[in-house]
Amino acid sequence: MFGSDEQEMSGGRYQVRLVSGQMRQKSHQQSVQEILDEGAARGWRLVSANSTNASGAWVTSIYWDTTPDR
């Protein structure tokens with residue numbers, strides 16, 4: 001159902017990244033860390049991050065404020 005997929009949604013000031021992966025695989029953790037590192041390198045402020053486990057798959061959503069100095 002889920003692969004190592006990544007989706008990006010943006011609408012102005014805020015951006016959401018969704019990462020999905022199979023449970024017990026380090027590839028999901030690595031993908032999430034890469035997105036966190038990328039956002040930090042761009043100077044974005046992390047607003048929220050949530051992980052959900054359903055039927056052996058993880059979905060993590062990461063919410064960024066892309067203009068934190070506004």
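Values below: all heavy atoms of this structure, side chains included; hydrogens, waters and symmetry mates excluded. In this text, all values refer to a predicted model and were calculated from it rather than measured experimentally. Sequential numbering from 1 along the given sequence is applied to the chain's residues.
Contact annotation: the side chain of N50 approaches that of Y63 to within less than 4.5 Å [non-hydrogen atoms, C-beta and beyond]. Proximity of T52 to W58: side-chain heavy atoms (C-beta onward) are nowhere separated by under 4.5 Å.
Taking CG from L18 and CD1 from I35, the interatomic distance works out to 8.5 Å, rounded to the nearest 0.5 Å. Here the straight-line distance linking atom OG1 of T60 with atom CD of Q33 works out to 11.5 Å at 0.5 Å rounding. One finds the CH2 atom of W64 at 5.0 Å from the CG atom of L46 (value rounded to the nearest 0.5 Å). Separating the CG atom in D65 from the CH2 atom in W44 is a distance of 10.5 Å, to the nearest 0.5 Å. Going from atom CD of Q15 over to atom CD1 of I62 covers 10.5 Å, rounded to the nearest 0.5 Å.
Here the side chain of T66 pairs a donor or acceptor atom with the backbone of R13 at under 3.5 angstrom.
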